[in-house]
Amino acid sequence: VRRNVLYYDVICYEWQWNLDLFSSQIDDFVAADNEGLIVSKIRTISEDSQRALILMAYSQKMISAVTLHALMQANGHDRIDLQRVVNILLEAVAEGLLLPTEVGKEYAFAHDIIEHAARSLVPEGEERDVLLVEIATVLVEREAIDGDEWMLFAAARHFNSVPRKYIESLDDLASLNLRAAKSATAKASVPQAAELLRSGVSCLDNDSCWTSNYDLSFDLYNRLLSAEFALRNNDAARAAIDVVLSNATSLRDKSASHLIMMRLAVETSDRDYSKAVEIGLDLLTNEYGESNLQLHPSKFALIKEKTKLRIARKGRPLISLAGMPLMKDASRMKLFEEIQKSTFLCGASFEPLMRMLSLRCLRIAFTQGIYAELPIICLNYAVALQKKNQSNPSSSKVKRSYRYTRLAKLVQEKFPESAHYGAEACKFDFRAAGLTKNRMPFKDDIVQFHSIYRRALSNGVPDIGFAAAMTGVFCHFDAGLPLTSLFGAKLMAYERTAAEMNQRGFGIVLKASRQFHLNLIGKAEGNPTSFKGVALDENETLAKLEGNSRKMALRDISAFRLQLAYIFDDEQVMIEMIERLKEYPHDDLNWPRGFHRLTFLGLSCLDIGFRKKKIEYLRLAKTIMQRYDKLNKGGSVNTLPISACFDAIKSRKRAMFDQAMEACAIAGMKNMEAIMCEQCGVMLMERKDQVAAAEEYLVRSYFLYNEWGARRKVEELVMKYNFLDENTALKRPGTSSVCSSSMAGWDGRVAGASAYGY
């Protein structure tokens, strides 16, 4: 009333809101007025109770009576015993200021406004600073007893917020920030960890810290450079690297800086991995003493290295490495692993160097012992062998890749301290999952990839984490799992975390995934085959990119739009997306992503090729079909139903469509089963004597799309076919039950999935 937000209307004889204030100021007025009222209410209770609320407001939203008792004693209320503190809390509950938890051992403010009001009772300046130091000191002591991590974070926050004159020991504060940063990293909160590490570094004396307290200084800076790089704060990461390289006393301590140097070179050169390879080889040669490593080794150099490995093996089989002793100093092997990975990402021109590095690493293991990076190096080499022979999964090189995979798993068991939680374990699990990609259904890998994502963020390898998250998303789409709101929430969480950590490349793919999801479930306005929505605006996104970054983003966005165009039968968009994608290589390091692109590229090329008599498209489709046939022979379980779909589209025969539907149903690919049902129905609808059968297939597709979650497609079917009505309970033909995705209850089933290996 005092602020003219509420007034009494003498004409209507009732209270009215001042609507002129609603547009912009009403929330501020109400909040400010409420806080003022609450401050007045708090001032009416006893001084002890007021102090208890103030201490709670500056500690934690939920606090126990024991912790509050310790805070009050440190704040000059040592005459108050524990029972009196409990009574104060109960009185505050009775006044409506606090709420007890279900357990009854902790108490929390009834509303954020009450907490803010309690904070405002202590004016800014010296009084508040002294209070924060007292609270932080008690919280550090209590954390050592209770082990509650929130006390660690709250204490660090309070100490960091006050002037340095109130801090007794800056080294102790630096150590506190380091402990809190380690806890934040373990919780995958990299931005919080980086902020704590910056505060810790600011406590150090730049002139003497590296001589007076080397371990603390190194640990802070070493973790800071990794955190800054993870957040893509490249200048800050480079500055931290310079400090470490200038002061570190051993190559072991410099190794993390060397790795980040290589990764920074990639980030600042439009993801040109050859820059990282050049830097890495230079470091190996000049810093670590490795010799005879050239950017493009000759055939003679490879033969020489292979001969040296044969001599080092002394007739022992490759698998005998699992029984070798551990290497004493393996600091340079992390650099070997990073260079090997970068050569692999450079492409075919660096394949000789990839082989050279792999052979050298194996020779080092035979002569000096095994090391934690060896499993990853073996897996990287196995992936390279598979990639080069992806179209021929039964070749000798692919079989050799399985031997390297087995060796990697055996060696990994020799390092139990990192076998489940460390950064190397995350890399190992991700690479190993990629090697078994064709032999496991996509739906069986999703939980594993999400687990790798969480562990990788906690262990400071966000590139592996977001690669795992992205792979899990593609597995969900490829498996045809339901497009639920829970899945949409997971996409938003991934997207938000990627934005917080400045993972732009992965962020774009995740945004495209969410826009694809929104278009299918009917939550996006406009044309469902376009990407101009709340998650992603294609034109706006691509305009900000250039070089390789734009090329990769265009590939992933186009693959999503091509699938939408095929589902919604948008011929123009299909042709546009085919033209975009036809020049991209068919090999993809991420198989679920490659499967997503190639499957609908093949289907679209068959569709448009037959419609428009485009021989080029039919040739491209044939290439993809042949590729899938070879994968089928190699034991792939995911490409079998897709091959059946290709054959159905190519033959345009009802029996072949029935086989494709059955294959998709057995594989659980509800999306592909729905598409095949619709395609068969559309084909039969063109034949006047098959209209009844056509309607049956279209009804089936209606329910399958609905079960999948593609509500936008369901709406389109209802608008297109008048025998479909969302308000009518459609029944399965010949039964009284509502139809489902199971083929068992449908008349006209053709048992033909066995032809595709089922």
Side-chain angles (χ1 to χ4, degrees), residues 221-246 248 250-290 293-297 330-347 349-354 356-358 360-361 364 371-374 376-377 379-381 383-384 423-424 426-427 430-431 456 459-467 501-506 547-549 589:
Y221 272 103
N222 207 43
R223 289 179 178 274
L224 178 62
L225 65 90
S226 296
E228 296 288 18
F229 175 74
L231 295 172
R232 295 301 185 262
N233 298 328
N234 294 338
D235 291 338
R238 195 173 287 108
I241 288 172
D242 292 340
V243 173
V244 172
L245 293 181
S246 300
S250 68
L251 287 174
R252 180 190 295 274
D253 289 349
K254 293 180 179 180
S255 60
S257 296
H258 290 155
L259 293 179
I260 302 299
M261 280 175 59
M262 293 177 60
R263 294 169 186 170
L264 276 172
V266 174
E267 287 295 319
T268 56
S269 63
D270 191 25
R271 309 202 68 77
D272 184 355
Y273 285 92
S274 66
K275 301 294 184 184
V277 175
E278 292 172 3
I279 293 174
L281 290 180
D282 182 65
L283 288 169
L284 275 180
T285 302
N286 298 322
E287 295 284 342
Y288 295 88
E290 290 291 332
L293 287 175
Q294 270 114 41
L295 199 61
H296 298 287
S331 56
R332 73 187 189 278
M333 303 317 297
K334 286 186 179 293
L335 198 59
F336 264 111
E337 178 206 332
E338 188 71 19
I339 301 171
Q340 185 209 36
K341 181 190 75 174
S342 298
T343 57
F344 179 50
L345 295 171
C346 282
S349 61
F350 282 78
E351 193 270 337
L353 180 58
M354 170 74 173
M356 171 68 81
L357 292 169
S358 302
R360 178 71 60 91
C361 290
I364 291 172
Y371 40 88
E373 294 75 25
L374 181 59
I376 308 299
I377 290 170
L379 285 179
N380 285 340
Y381 191 39
V383 171
E424 294 302 319
C426 295
K427 296 177 185 177
F430 184 66
R431 299 283 193 276
N459 285 280
V461 279
D463 53 336
I464 295 295
F466 285 104
M501 302 185 70
N502 292 329
Q503 295 283 337
R504 186 177 66 171
F506 289 115
N548 287 331
S549 298
L589 295 176

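Everything numeric in this text was worked out from a predicted model, so none of it was measured. The figures that follow rest on heavy atoms only: side chains count, while hydrogens, waters and symmetry mates do not.
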(message) Is there a side-chain contact between L374 and M333 in this structure, where contact means two heavy atoms from C-beta onward sitting under 4.5 Å apart?
(response) no

(request) For the pair N459 (side chain) and V461 (backbone), establish whether a donor and an acceptor sit closer than 3.5 Å, ignoring hydrogens and angles. (result) no

(request) Could you check R332 against I364 for side-chain contact (heavy atoms from CB on, under 4.5 Å), going step by step and ending with a plain yes or no? (result) CA-CA 11 Å; R332 73 187 189 278; I364 291 172; 3.7 Å; yes

(message) Looking only at side-chain N and O atoms, does R223 offer a donor or acceptor that is under 3.5 Å from a partner on Y221?
(response) no

(request) Might you point out which heavy atoms bring S274 and C346 nearest each other, and give the distance in Å? (result) N-SG, 3.3 Å

(message) Quick check against the 3.5 Å criterion: does N286 have a side-chain atom that pairs as donor or acceptor with the backbone of D282?
(response) yes

(request) To the nearest 0.5 angstrom, please state how far the CG atom of L295 sits from the CE atom of M356. (result) 12.0 Å

(message) With a 6.0 Å cut-off (strictly less than), is the heavy-atom count around NZ of K275, excluding the residue itself, greater than 12?
(response) no

(request) State, to 0.1 Å, how close M262 and I339 come at their nearest heavy-atom pair, and which atoms those are. (result) CE-CG1, 3.6 Å

(request) Please report the closest heavy-atom contact between L259 and K334, naming both atoms and the distance. (result) CD2-O, 3.5 Å

(request) Taking only Lys NZ, Arg NE, NH1 and NH2, and the carboxylate oxygens of Asp or Glu, determine whether E228 and R238 approach each other closer than 4.0 Å. (result) no

(message) Minimum heavy-atom separation for M501 and P462, please, with both atom names.
(response) CE-CB, 3.7 Å

(message) Rounded at 0.5 Å granularity, tell me how far CG in N380 sits from CZ in F336.
(response) 14.0 Å

(request) For the residue pair H296 and F350, categorise the inter-ring angle as parallel (less than 30°), tilted (30 to 60°) or perpendicular (more than 60°). (result) tilted

(message) Would you say that S549 contacts R504 through its side chain, given a criterion of any heavy-atom pair below 4.5 Å between the two side chains?
(response) yes

(request) Check whether any side-chain heavy atom of Y371 sits under 4.5 Å from a side-chain heavy atom of C361, and report yes or no. (result) yes

(message) What's the separation between atom CD in E290 and atom CG in L283, rounded to the nearest 0.5 Å?
(response) 12.0 Å

(message) Let me confirm one number: the CG-CG distance from L335 to L284, rounded to the nearest 0.5 Å.
(response) 4.5 Å

(request) Please examine the side chains of Q294 and L281, heavy atoms only from C-beta on, and report whether any two atoms are closer than 4.5 Å. (result) no

(request) Return yes if some donor-acceptor pair links the side-chain N/O of S255 with the main-chain N/O of R252 below 3.5 Å, else return no. (result) yes

(message) Any side-chain to backbone donor/acceptor pair from Q340 onto I377? Under 3.5 Å, distance only.
(response) yes

(request) Over all heavy atoms of both residues, which pair between M354 and A384 is shortest? Give the atoms and the distance, please. (result) CE-CB, 3.7 Å

(request) Give the minimum heavy-atom separation between I464 and F430, together with the two atoms involved. (result) CG2-CB, 4.1 Å

(message) Between K427 and E337 (salt bridge meaning N to carboxylate O under 4.0 Å), is one present in this structure?
(response) yes

(request) Flag the pair N222 / D253 as yes when at least one side-chain heavy-atom distance between them is below 4.5 Å, and no otherwise. (result) no

(message) Quick check for you: to the nearest 0.5 Å, what is the distance between L225 atom CG and N233 atom CG?
(response) 12.5 Å

(request) Determine whether L357 and Y381 make a side-chain contact, defined as any pair of heavy atoms from C-beta on separated by less than 4.5 Å. (result) no

(request) Examine R232 relative to F229 and say whether NZ or CZ is less than 6.0 Å from the centre of the six-membered ring and inside a 45° cone about the ring axis. (result) yes

(message) Less than 4.0 angstrom from a charged side-chain N to a carboxylate O is my criterion; do E267 and R263 meet it?
(response) no

(request) Supply the atom-to-atom distance S331 OG to L251 CG, rounded to the nearest 0.5 angstrom. (result) 5.5 Å

(request) Would you please test I279 and H258 for side-chain contact (heavy atoms from CB on, under 4.5 Å) and show each step? (result) CA-CA 9 Å; I279 293 174; H258 290 155; over 6 Å; no

